[in-house]
Amino acid sequence: MNNFEQLGLNESLLSAISDLGFENPSEIQVKAIPLLLEKNTDIVALAQTGTGKTAAFGFPLIQKIDLSKKNTQALILSPTRELCLQIANEIKQYAKYVKGLHTVAIYGGASITEQAREIKRGANIIVATPGRMQDMINRGMVNIKDIEYCVLDEADEMLNMGFYDDITAILADTPEEKNIWLFSATMPAEVASIAREFMKTPEEITVGHKNQASTNVSHEFYLVGGRDRYLALKRLADANPDIFSVVFCRTKRDTQAIAEKLIEDGYNAAALHGDLSQAQRDAVMKSFRGKQIQMLVATDVAARGIDVDDITHVINYQLPDEIETYTHRSGRTGRAGKSGTSMVIITKSELRKIGQIERIIKTKFEEKPIPSGIEICEIQLYHLANRIKDVEVNQEIESFIPAITELLQDFDKEEIIKKVVSVEFNRFLDYYQKPSNNLTSVSSSRGNSKEIPSDGAVRFFINLGAKDDLDWMTLKDYLKETLDLGRDDLFKVDVKEGFSFFNVEADHAEKVMSILNEESYKGRRVNVEISNNDGGRNNNRRDHNRRGGRSNDRGGERSFRSGNSDRRGGERRSDDRRGGERRSDDRRGGERRSDRNSDNNRAPRNERSSRRSSDAGSSRRTRRN
Ligand code: ADP
Ligand code: MG
């Protein structure tokens, strides 16, 4: 005897429920099951994830199916392939004592002809993603003209993913008299609009609060020069050593190129986009879930339905074309009660989009400076120290210790500590001290910041002057000390009433920007900028990403092309047209290609990093080993 009996469920379901070990129905089940069993009604049911919604519609649906009819009586729409399979499986388990009930799952990324064949054999219940469903309707492979029930599961997610048009088209293909059962965690405007347009006086069931949108996500933007995006991305990763993130790019091409660059630079990264086969995507997702991948570089389409709970950061390497997509991106973090950060790397020309997004998400962004090289070195240093503190010492090492002790006997403890951490720390320091890795911090309020030139002298403006009781000597002393520079490193110090100018060699320019802009002088915030007043020097932009970065870039592009332009690429495409193997979920990407393999599934670890680029990001390599 269990509490499910009181809900009006029949013997076969009750047996299955007891096999499943469910003892008590959840709140949404208590509210939805009797209602759906008793009445033929539309309903809107709102409850958080994990509250048992599948059974809340699954149990009554199974009981209502008329097994004497062979036609499809119910359609369950769900946002992703994974959820489709999950729901179909659950339904099969619930219906294990219901003889002759057939449930078929249809979703993109698998053979459409095989799915059509299964449906032909008889499907009382179809569980489908909207994209594939629409595709099969268009090809006359399914008939939903006589369905009695249409379940919209995870309706908010489906609409988030841009399936509004598919859903409305599918509903238009169903009979007027059917019932719609809409299940959702939240009730955004689009869900309300579906309810209004397609449902007849739906019953409403709510568990918990409506619109429990994620308040766990903080939103940050980082303003950079257009060519500094990649350097900025690396810094954001370096400043968050335990990052577990999805990096969004706008195009498949950028996605591939950025992932390749990151891998080249020693990060645990991989690409996820529509040019990968389903098997490749599954492999990438498996590594991501297993955390062998820390940075999953993805397109919006490919990242749909990523339901990994522990993502710490979403990084918008570029903003999406459609601003609304931002919500779906940032929703990949801050899940399951955890907190997360959504970071946006933008250039000045895109700044107004931040305001647009703020209006949509009804949340303010925090503008943050890209972490300076010195900050990153500090973060990495403490991270390393913590790793040393926490590492477990393996017995195997004992036999080597005497010889090593002898080798290091001349150093005292403090010296040894310095040397140990320097092994790793120097790599970051070397990397960030290279002028070519410099990156100008841009700030939207300051307005006129400039890029740091790669060589020669750089003239700076500083907002300190005679009114601060400074003359050229005292200002020079202050700068020398704050920046830890030699007396010859600073020159042409020119003090005016309210501000001053001074020069340093380009090598020190990054340091000037990052340190001084964090300083206060007699309680006032110091502001330095590269001065216009630079004596007409040629403000030639440095090669921002070293030769290595550049050639990687090209390399990525080349391999991308060759992957696409070979004979098989063409074959595949015509195949798609004929056999219809193309997955339709990936609607905007008609560019499936399964002949490309190595790069994306490659273990994103040590082997690939070259000497020249092994500096930054190296700690993650060693950590994984
Ligand atoms: P939702 O769709 O609301 O996110 P699911 O239907 O996926 O939630 O259910 C979440 C988990 O809870 C599943 O593993 C499911 O088997 C389990 N579950 C559902 N109902 C019950 C119940 N009454 N008792 C115990 N476990 C349940
Ligand atoms: Mg669910």
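When a ligand or atom number is given, it counts from 1 through the structure's own listing order. Since the structure is predicted, the reported quantities are computational estimates derived from the model, not experimental observations.
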Q. Should the ring pair Phe365 and Tyr326 be called parallel, tilted or perpendicular, given that the plane angle runs from 0 to 90° and is split at 30 and 60?
A. tilted
(Q) Would you compute the distance between atom CG of Leu233 and atom CD1 of Ile345 and round it to the nearest 0.5 angstrom? (A) 5.0 Å
**Q.** Between Tyr164 and Ser193: side-chain donor-acceptor atoms closer than 3.5 Å
**A.** yes
Q: Spell out, as yes or no, whether a donor-acceptor pair under 3.5 Å connects the side chain of Asp156 to the backbone of Ser184.
A: no
**Q.** Metal environment of the Mg ion (ligand 2), protein N/O/S under 2.8 Å
**A.** Glu154 OE2
Q: Would you kindly check if the NZ (Lys) or CZ (Arg) of Lys64 is within the cone defined by 45 degrees around the ring axis of Tyr149 and under 6.0 Å from the six-membered ring centre?
A: no
Ligand 1: protein N/O within less than 3.5 Å of ligand N/O:
| unit_1 | atom_1 | unit_2 | atom_2 | d |
| --- | --- | --- | --- | --- |
| ligand 1 | 3 (O) | Gly50 | N | 3.4 |
| ligand 1 | 3 (O) | Thr51 | N | 3.1 |
| ligand 1 | 3 (O) | Thr51 | OG1 | 3.4 |
| ligand 1 | 3 (O) | Gly52 | N | 3.2 |
| ligand 1 | 3 (O) | Lys53 | N | 3.0 |
| ligand 1 | 3 (O) | Lys53 | NZ | 2.9 |
| ligand 1 | 4 (O) | Gly50 | N | 2.5 |
| ligand 1 | 6 (O) | Lys53 | N | 3.3 |
| ligand 1 | 6 (O) | Thr54 | N | 3.0 |
| ligand 1 | 6 (O) | Thr54 | OG1 | 2.6 |
| ligand 1 | 8 (O) | Gly52 | N | 3.2 |
| ligand 1 | 20 (N) | Gln29 | NE2 | 2.8 |
| ligand 1 | 23 (N) | Asn24 | O | 2.8 |
| ligand 1 | 23 (N) | Gln29 | OE1 | 3.0 |

Q: Report the residue from Asn138, Val142, Asp166, Val127 that forms a side chain to side chain contact (heavy atoms under 4.5 Å, CB included) with Met133.
A: Val142
Q) Without hydrogens or angle criteria, can the side chains of Gln318 and Arg229 be said to hold a donor-acceptor pair below 3.5 Å? A) no
Q: State whether Arg117 and Glu114 are salt-bridged, where the test is any N-O pair (Lys NZ or Arg NE/NH1/NH2 against Asp/Glu carboxylate O) under 4.0 Å.
A: yes
Q) Is the shortest side-chain N to carboxylate O distance from Lys96 to Glu90 below 4.0 Å? A) no
